[in-house]
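Reading through the structure tokens given below for one structure.
Not measured: the values here are computed from a predicted model. Atoms within a ligand are numbered from 1 in the order they appear, just like the ligands themselves.
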Amino acid sequence: MFDGAELASGGQREVKTTCPYCGVGCGVIARVAADGAVSVRGDAGHPANRGRLCSKGSALADTLVPEGRLLHPEIGGPENRYRRVSWDEALGEVARRFSDTIARHGPDSVAFYVSGQLLTEDYYVANKLMKGFIGSANIDTNSRLCMASSVVGHKRGLGADAVPGSYEDFECADLVVLVGSNLAWCHPVLNQRLLAARAERGTRIVLVDPRRTDCVDAADRHLALKAGTDAVLFNGLLAWLDSRGHRDAGFTAAHVEGVEEALAAARADAPDVATVARRCGMEEAEVAAFYAEFAATGRVVTVYSQGVNQSSQGSDTVNAILNLHFLTGRIGRAGCGPFSVTGQPNAMGGREVGGLANQLAAHMGFTAEEVGRVGRFWSAPRMADKPGLKAVDLFRAIEAGTVKAVWIMATNPAVSMPDAGRVRRALAKCETVVVSDCIRDTDTGRFAHIRLPAKGWSEKDGTVTNSDRTVSRQRAFMAGAGEARADWWIMTQVARRMGFAEAFRYETAAAVFREHAALSGFENGGARAFDIGALGGLDDDGYDALAPFTWPWRTGSEPQKRLFGDGRFFTADGRARMLAVTAKPLPRVLPDGALLLNSGRLRDQWHTMTRTGLSARLSAHAPEPRLDINPADAAARGLVDGGLARIATAAGEALARVHVTDAQSEGAIFLPMHWTDRFTGACVIGRLIDDGAVDPASGQPDLKRMPATVEPWRPDWTAFLLARRPVEPGHGGYWARRAVAGGHLVEMAGMGAIPAVEAWLPGLDPAGAAVEFHDEARGGLRMAWMDGDRLEACLFVAAAGRLPPRGWLAGLLAADGLDDGARAGLLAGRAPGVADEGRIVCACFSVGINRLAHAIRDRGLTSVAEIGAALKAGTNCGSCVPELKEVLRHAHQREVA
Ligand SMILES: Nc1nc2c(c(=O)[nH]1)N[C@H]1C(S)=C(S)[C@@H](COP(=O)(O)OP(=O)(O)OC[C@H]3O[C@@H](n4cnc5c(=O)[nH]c(N)nc54)[C@H](O)[C@@H]3O)O[C@H]1N2
Ligand SMILES: Nc1nc2c(c(=O)[nH]1)N[C@H]1C(S)=C(S)[C@@H](COP(=O)(O)OP(=O)(O)OC[C@H]3O[C@@H](n4cnc5c(=O)[nH]c(N)nc54)[C@H](O)[C@@H]3O)O[C@H]1N2
Ligand code: SF4
Ligand SMILES: [Mo]
């Protein structure tokens, strides 16, 4: 089993670990040089990526910086005043507050809100403490916002929450349907594998997404359906397939229940192609061609993600997809199956330990038999015997005061929850808020009474499970920052102080893993899909050397890559279930003139930017919070590309930079979910989305379909600041900060008169600055602060739209000192003869839009390959290739014009 987890030579070490971002779960080799410098590369031996990495994985080393880390436990209060305390004091305080609250108000008055970014071992301890020892099931996870609908769909259809296939099925499919999945940006390495297979064997790709994402570049067909109409499209396909004789009668008769009921519902909903086309807002011919292609192709993988899950009928849509694969027997065979691509690195691990409030542990639920079984295994004094509060209800209960103490780990709900304004109000009045994070100052951390420093990626040991059930080790290769500790350790210590020492004796992550593995096999006998009982006796060395494997791995047998090949499912009678699905209208009324706000991810940022936001390379691709809007919608509202817009909904409002693009269909806008109050003045998307539209079966909120209005926001002045420190301006207008080499760039704009500098740039004293130019009448201002020869900060303020380009100036922060030329050019904002890179397209080699445009024009480049040869752009991770094509297309269109 040993796979050379750690190799050392010539003073440098190499450690095999797993990327901490998306659910593809790529293997990474971290090399630590003799001087401590870290570099990462893809692990050619890992089954998920076979050596590949995307832009985020490639830039992992950039994020291993001390900046912003929470280094020791802190106790304090809201006003952001905290004092450093010892671990002993902090752990004692958490245990005391939780024990007191439970003693006074019962176990359901406390809660944990955890995350798919915890490792399985962390997650296991959290779940055991809450459900077996505190005696409440009030532990829910951000997976509620992410995969809960898939969990419900899987359980209803397959009898277990198990993704049937493996990544290899992407490579041997003939048709891959991407539904509500921006695979090119969100699961880039899986996308690379798909594109490689396509190049080899001509795999056809159909994209089902209201937006034209970068996936379109490789797609044969793009179905830009109206948001929220997926169930109609798939119900229509189900009825169509059956009426044209594409039912696999042998398979359905032997292995599937509910066929006729599902068909009847589908026929009622979507009797013909014309109805589907009308309801989905598409051409009949498009619908018919897609249906025919699905019918004609034996090997189909349907990949789906948040366009499906994050919906008030997400679970039903998942079942509408499963129904297609059951009816046609396209499951359990190579190149076939429904495929839920998971978001977070350990979304699956969380489901395995039972991190959701309505699960127990090891894929068990709350039947008396299961509660009894887990209780016996844990020797638990106080088993929870009913489901706890799901995320939205949990934060509402905190607001209502029924939940009085909450411990938040590895997630940032003040940003990522719907109605983030309500979440903030709830946290502000909660008696006890404990936050475990690697980063000190997060939007959620500001509400903490106790902050606990967690070890992060590179520092902690454990396991994660990716989208295709592959369990991989994350291995530590650096010491923890400051006094940071592993999450499982922190919880174990609190559990001991709450009086549960006996059951929480773990001293290593390996010990936790062994127990988790043993529980999965406990009284299982093949009844539960999740079983890694074979590893229940793994010793510490075996754990250290554990190579990636897929579950189930039952005692006495081999790990299993593909499930359901024998047509046996995990329902009581072993038969799959087709579910009768009826498509529902959008959950929220769209008033006249309103647009539908869709939200999601950008290529190079990860969620609330606490880590990717530290990387200058990753922050260059989308420098500011960006509103994507169709040209017609923009024109109708007087919005211009590059201007600013105010977006308002019934729940809140935001300011963002306008990006006019025909990738966005009319009537809908898109905003990225990434920006927080730490990075911008007013663009937390969670504040714009109410929490009222929730899937009744899964509790997953609809985060993609919120009515919004948009109008231009025309500032009286604009400005930017370059500074070594991460300044947060206090002027109340627009600002957005991003990392650049050696510091930060803050774009700003405001209404009215320009406020006095000291009032809105905390920590920058105008008296200490060299002022070149101060135009009282028009408000122009340019200042620079020096530290010896080094540039400390510089500020440029102007009446709208008259500021120098940022590229050359931003480069000065990284310099040890400024030479005469740089000094002379500084306050002019440009050095003679130096071209500005412009917005960065290729993150790996920092190639900007201006350099690309010049090279295309001056050197007559006509293809991505020629760009690669000339500038290297696009030759590493390939994530920017679709955008390079777009740049080429535009450049040549301009030439023709
Ligand atoms: N770069 C990057 N990658 C990530 C992450 C990240 O933060 N950054 N996060 C990870 C996580 S946790 C997750 S969950 C995944 C999410 O991965 P994805 O689900 O691929 O990402 P999203 O951008 O949330 O949404 C996917 C698409 O759903 C579409 N959509 C919206 N409404 C509808 C609809 O009604 N029908 C259909 N068919 N489509 C619709 C959106 O237009 C969008 O393009 O990404 C993971 N990977
Ligand atoms: N509008 C809108 N909202 C969304 C979505 C959307 O598409 N649109 N998507 C939803 C989805 S799918 C998801 S998954 C969520 C994600 O949303 P969140 O989970 O809130 O986002 P992250 O920024 O990943 O938060 C992880 C936090 O954990 C910290 N951290 C990292 N590693 C560790 C560790 O080992 N231990 C501890 N204790 N802390 C650690 C990080 O610094 C960070 O603060 O957002 C959801 N919200
Ligand atoms: S595809 Fe996902 S797991 Fe792989 S390197 Fe990129 S972010 Fe990491
Ligand atoms: Mo997610």
N/O separation below 3.5 Å, [X] to ligand 1:
{"X": "R603", "result": "yes"}
{"X": "H187", "result": "no"}
{"X": "F670", "result": "no"}
{"X": "T229", "result": "no"}

Q | Protein N, O or S within less than 2.8 Å of atom 6 (Fe) of ligand 3, waters excluded | A | C54 SG
Q.
Side chains of S55 and D604 only: does a donor on one sit below 3.5 Å from an acceptor on the other?
A. yes
(Q) Less than 3.5 Å apart, any donor N or O on the side chain of S472 or H46 sitting next to an acceptor on the other? (A) yes
Q: Taking only Lys NZ, Arg NE, NH1 and NH2, and the carboxylate oxygens of Asp or Glu, determine whether K584 and D316 approach each other closer than 4.0 Å.
A: yes
So, for [X] and [Y], which heavy atoms are closest and what is the spacing to 0.1 Å?
{"X": "L70", "Y": "D437", "result": "CD2-O, 3.8 Å"}
{"X": "A48", "Y": "N466", "result": "CB-ND2, 3.8 Å"}
{"X": "R678", "Y": "D443", "result": "NH1-OD1, 2.9 Å"}
{"X": "S436", "Y": "W407", "result": "OG-NE1, 2.9 Å"}
{"X": "N127", "Y": "V353", "result": "ND2-O, 2.8 Å"}

Proximal ligand 1 atoms for [X], defined as those under 4.0 Å from one of its heavy atoms:
{"X": "W185", "result": "1 (N), 2 (C), 3 (N)"}
{"X": "G228", "result": "34 (C), 35 (O)"}
{"X": "T213", "result": "44 (O)"}
{"X": "A227", "result": "35 (O)"}
{"X": "S181", "result": "20 (O)"}
{"X": "K56", "result": "1 (N), 2 (C), 3 (N)"}
{"X": "L602", "result": "1 (N), 2 (C), 8 (N)"}

(Q) Which residues pass the salt bridge (charged side-chain N to carboxylate O under 4.0 Å, His left out) test with D230, not counting sequence neighbours? (A) none
Q) Which residues satisfy the salt bridge (charged side-chain N to carboxylate O under 4.0 Å, His left out) test with R211, sequence neighbours excluded? A) none
Q. Going by heavy atoms, is K226 under 4.0 Å from ligand 1?
A. no
Q.
Would the distance check show the side chain of R451 and the main-chain N or O of G445 forming a donor-acceptor pair, the cut-off being under 3.5 Å?
A. yes
Q: Please check if the side chain of R473 supplies one atom and the backbone of G462 the other of a donor-acceptor pair under 3.5 Å.
A: yes
Q. Can you tell me how far CZ of R475 sits from NZ of K16, rounded to the nearest 0.5 angstrom?
A. 8.0 Å
Q) Got the residues with a heavy atom under 4.0 Å of ligand 2, by chain and number? A) Q117, N142, L145, C146, Q306, Q310, Q344, A410, T411, N412, S416, S436, D437, C438, I439, A454, K455, K460, D487, S599, G600, R601, W606, H607, T608, T610, R611, M673, I685, I689, L703, K704
Q: On the 0 to 90° scale, with breaks at 30° and 60°, tag the Y21-W606 ring pair as parallel, tilted or perpendicular.
A: tilted
**Q.** side chain to side chain donor-acceptor pair (under 3.5 Å) between T141 and Y123, intermediate numbers included
**A.** CA-CA 10 Å; T141 143; Y123 234 139; 2.8 Å; yes
**Q.** N309: which of S315, S149, S150 passes side-chain hydrogen bond (donor to acceptor under 3.5 Å, both in side chains)
**A.** S150
Q) Which atoms of ligand 3 sit under 4.0 Å from any heavy atom of G25? A) 3 (S)
